[in-house]
Amino acid sequence: MTIFQTILSVSLISTALAVLVVIADAIFNNYGECILDINNGNTKLTVNGGSTLLNSLAANRIFIPSACGGKATCGLCKVQLATDVGPVLPTEEPYLTDEEMQDGVRLSCQIKVKQDLALSIPEELFNIEQYETRIERITPMTHDIKEFRFVLEEPKVMEFKAGQYVQIDSKPYPGMQEQVSRAYSISSVPSETGAVELIIRLVPNGICTTFMHDHVKEGDTITMRGPFGEFYLREGADELIFIAGGSGLAPVKSMVYDILEKKLDKQMTFFFGAVTKKDLYYVELFQDLEKRYENFRYIPALSDPAPDDNWDGEVGLITDVVAKYVETPNNKQGYLCGSPGMINACINVLTGIGLTDEDIFFDKFT
Ligand SMILES: Cc1cc2nc3c(=O)[nH]c(=O)nc-3n(C[C@H](O)[C@H](O)[C@H](O)COP(=O)(O)OP(=O)(O)OC[C@H]3O[C@@H](n4cnc5c(N)ncnc54)[C@H](O)[C@@H]3O)c2cc1C
């Protein structure tokens, strides 16, 4: 057999195999039309089976929170199923408590629609919209943080609570064909409903942050969904302790402005932890608020100031600085935002002072 004949036979066999795979996929993954019965018949959707529950709902504009875009790494896309769809998968287990498993709670990104399903979804998720937006302004804040301002083009209005987040979709770029969806907290104030601002820190080799930092420009369009999340101001305490690091400043900025704008009778202290002065941003903005409002105090702290930082502010881990200023738990709530490590350490400090778990709210940027 000549080399030409060998190449031809290998190509023919490969093509035949590919055709077989496509045919098998069409036969075995064809579950026909399936009915999704949501909240005891309040909403009934007819969908083509074969897709994940998360995607089938999104195709019908019901957007379940999902910070990782369906990879089972964030655990946010929980829904309660009344239909038995088989045992909980190993990918779901880390995110579900025993009680949730008993109640039929599952990760919608891991459930394939293969039959009619009855499920429950919190009513507020029906208000989540998908927005087409245009980047109006990009402002570098530090060496690895940028602020983005998006004008909402369709729909034109987003109602949200200070502290909530949106999910934005990246697009393929040179060297990255994968398109992902990631969560970013809104840093602008809810009274401005026609635009949202986000603060995005570049994660080395991160798909979405590399897209946003290196591959978008002012005027580009971006798709986002929202608002999502349970991290927002609660009734109760009059003294609020905000603690953030890095881009965790975003929801705190929104909450502080919201409280000041609404003239709520709250005493606020904002602890912001950074390593050196080059990691600080919005310093003048918060110092200015401190001058103008008696009920707002801003305490930035550097854990390892550089010699030429000429830093005369607080030095040390943010946990130590918080412990120095916050002495009693009376009438206080803590709102924490940033990396899981920072949040866990701050929860320990606040509970050590005497705040209960019910007094502490947080968003971990996983
Ligand atoms: C509720 C919420 C709110 C948030 N708000 C903000 C915010 O306001 N601002 C902000 O900056 N961030 C925020 N985040 C974090 C944000 O959603 C993203 O997780 C973050 O920006 C990283 O996304 P990415 O796509 O760039 O990184 P990813 O591509 O997800 O990568 C993250 C890391 O994992 C590594 N990695 C990726 N793939 C692999 C692999 N296959 N093997 C090994 N390592 C890998 C990457 O190198 C990188 O270090 C928030 C998160 C949550 C859950």
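Start at 1 and go down the list; that is how both ligands and their atoms are numbered. The basis for the numbers below is simple: all heavy atoms, side chains too, and nothing from hydrogens, waters or symmetry mates.
Under a 4.0 angstrom heavy-atom cut-off, G229 registers as lying outside contact with ligand 1.
Per-atom contact check: atom 41 (N) of ligand 1 does not touch the protein, criterion being a heavy-atom distance below 4.0 Å. Protein heavy atoms are absent from the space less than 4.0 angstrom from atom 37 (C) of ligand 1. Atom 28 (P) of ligand 1 is approached by the protein to below 4.0 angstrom, counting heavy atoms only. Protein heavy atoms are absent from the space less than 4.0 angstrom from atom 45 (C) of ligand 1. Atom 34 (O) of ligand 1 is not flagged as protein-proximal [any protein heavy atom, distance under 4.0 Å]. Under the 4.0 Å distance rule, the nearest protein heavy atom to atom 13 (C) of ligand 1 falls inside the cut-off.
Although no hydrogens or angles enter the test, the distance criterion places a donor-acceptor pair under 3.5 Å between the side chain of Y131 and the main chain of V157.
A side-chain donor from one of Y335 and Q333 sits under 3.5 Å from a side-chain acceptor of the other. Counting only N and O atoms by type, the side chains of T133 and E153 include no donor and acceptor under 3.5 Å apart. Looking only at atom types and distance, the side chain of K364 has a donor-acceptor partner in the side chain of N344 under 3.5 Å away. E33 and T46 share no side-chain donor-acceptor pair at under 3.5 Å. A donor-acceptor contact under 3.5 angstrom links the side chains of N39 and E123, judged on distance only.
Atom 8 (O) of ligand 1 has as its closest protein heavy atom S185 N, 3.0 Å. The nearest heavy-atom contact from the protein to atom 19 (O) of ligand 1 is T366 O, 3.0 Å. The single protein non-hydrogen atom nearest to atom 9 (N) of ligand 1 is I199 O, 2.8 Å, given as residue, atom name and distance. With respect to atom 31 (O) of ligand 1, the closest heavy atom belonging to the protein is G206 CA, 3.8 Å. Atom 6 (C) of ligand 1 has F365 CE2, 3.2 Å as its closest protein atom, hydrogens excluded (heavy atom only). From the protein, the heavy atom lying nearest to atom 22 (C) of ligand 1 is V203 CG2, 3.8 Å. Nearest to atom 2 (C) of ligand 1 among the protein's heavy atoms is A183 CB, 3.7 Å.
In this structure, R61 forms no cation-pi arrangement with F63, as its terminal cationic atom is not both closer than 6.0 Å to the ring centre and no more than 45° off the ring axis. Judged by a 6.0 Å distance limit and a 45° cone about the ring axis, K253 is positioned over the six-membered ring of Y257.
Here Y184 has heavy atoms under 4.0 Å from ligand 1 in both its backbone and its side chain.
With ligand atoms numbered from 1 in the order given, ligand 1 contributes 52 (C), 53 (C) to contacts under 4.0 Å with heavy atoms of K364. Listed by atom number, the atoms of ligand 1 under 4.0 Å from P204 heavy atoms are 46 (C), 47 (O), 48 (C), 49 (O). Close approach of ligand 1 to S247 (heavy-atom distance below 4.0 Å) involves ligand atoms 9 (N), 10 (C), 11 (O), 12 (N). Contact atoms of ligand 1 toward C208: 24 (P), 25 (O), 26 (O) (distance under 4.0 Å to a heavy atom of the residue).
At a 3.5 angstrom cut-off on N or O pairs, I200 does not count as close to ligand 1. Taking distance alone, with nitrogen or oxygen atoms compared against 3.5 Å, T209 approaches ligand 1 more closely than that limit. Checked by distance only, ligand 1 and I207 come closer than 3.5 Å through their nitrogen or oxygen atoms. Taking any N or O of L76, backbone or side chain, none lies under 3.5 Å from an N or O belonging to ligand 1.
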- Message: Could you walk me through whether Q164 and S185 satisfy the side-chain hydrogen bond (donor to acceptor under 3.5 Å, both in side chains) test, starting with their C-alpha distance in whole Å, then the side-chain angles of each, then the deciding distance to 0.1 Å, before giving a yes or no?
- Response: CA-CA 6 Å; Q164 289 193 296; S185 305; over 6 Å; no
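More than 12 heavy atoms of other residues, nucleotides or ligands sit less than 6.0 Å from atom CD of E124. Residue D214 places its CG atom among more than 12 non-hydrogen atoms of other residues, nucleotides or ligands, all under 6.0 Å distant. In the displayed structure, D312 atom CG is contacted under 6.0 Å by at most 12 heavy atoms of other residues, nucleotides or ligands.
By the 30° and 60° cut-offs, the orientation of the rings of F270 relative to F242 is perpendicular.
Ranked by closest heavy atom to atom 23 (O) of ligand 1, the top entry among K71, R182, M212 is R182.
Taking SG of C337 as the start and CZ of F272 as the end, the distance is 10.5 Å to the nearest 0.5 Å.
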